[in-house]
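Here's the structure we're looking at; comments come further down.
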Amino acid sequence: MTALRKILSYPLSVLHYLIFGLAIVIFHPIQWLALKIGYQAHKKSVDLLVFFLLVSIYALGYRIKFTNKQKLPEGVPLIFVSNHQSLNDVTVLGGF
């Protein structure tokens, strides 16, 4: 890692955690209320939360690319399982 990248990583990390933390704090009561209203309201609130979590990743300059090396069946339900080794897998799976 170059010295410039390392220096930039500190303020960008603060920016990421600020956006990420604000999204979680703001959307917790919104999701709670939306869940009381019904499934569609909750689904829309979750979609909006995932959008802002993706913004927190993009603010760091990351670009997300998905490469599928498997032939997935079309027109049938699929289940994607994540190991949750970081906060980013939830955001990426939710967003894409």
Report all side-chain donor-acceptor pairs from residues 65-73 shorter than 3.5 Å, counting only partners two or more places apart or in another chain.
from	atom 1	to	atom 2	distance (Å)
N68	OD1	Q70	N	2.9
N68	ND2	Q70	O	2.9

If you measure from [atom1] on [X] to [atom2] on [Y], what distance do you get to the nearest 0.5 Å?
X   : Y   : atom1 : atom2 : result
L8  : L15 : CG    : CG    : 12.0 Å
L12 : I7  : CG    : CD1   : 12.0 Å
I19 : L22 : CD1   : CG    : 8.5 Å

Apply salt bridge (Lys or Arg N to Asp or Glu O under 4.0 Å) to K43 and list each qualifying residue two or more places apart in sequence or on a separate chain.
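For K43, the residues satisfying salt bridge (Lys or Arg N to Asp or Glu O under 4.0 Å) (neighbours in sequence not counted) are D47.
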So which atom in Y62 and which in Y58 form the shortest heavy-atom distance, rounded to 0.1 Å?
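For Y62 and Y58, the tightest heavy-atom pair comes out as O-CD2, 3.2 Å.
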For residues 23-42, which side-chain N or O atoms pair as donor and acceptor with protein atoms under 3.5 Å away, sequence neighbours left out?
none

Do F20 and L53 have side chains that get closer than 4.5 Å, going by heavy atoms?
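Contact flag for F20/L53 side chains = yes.
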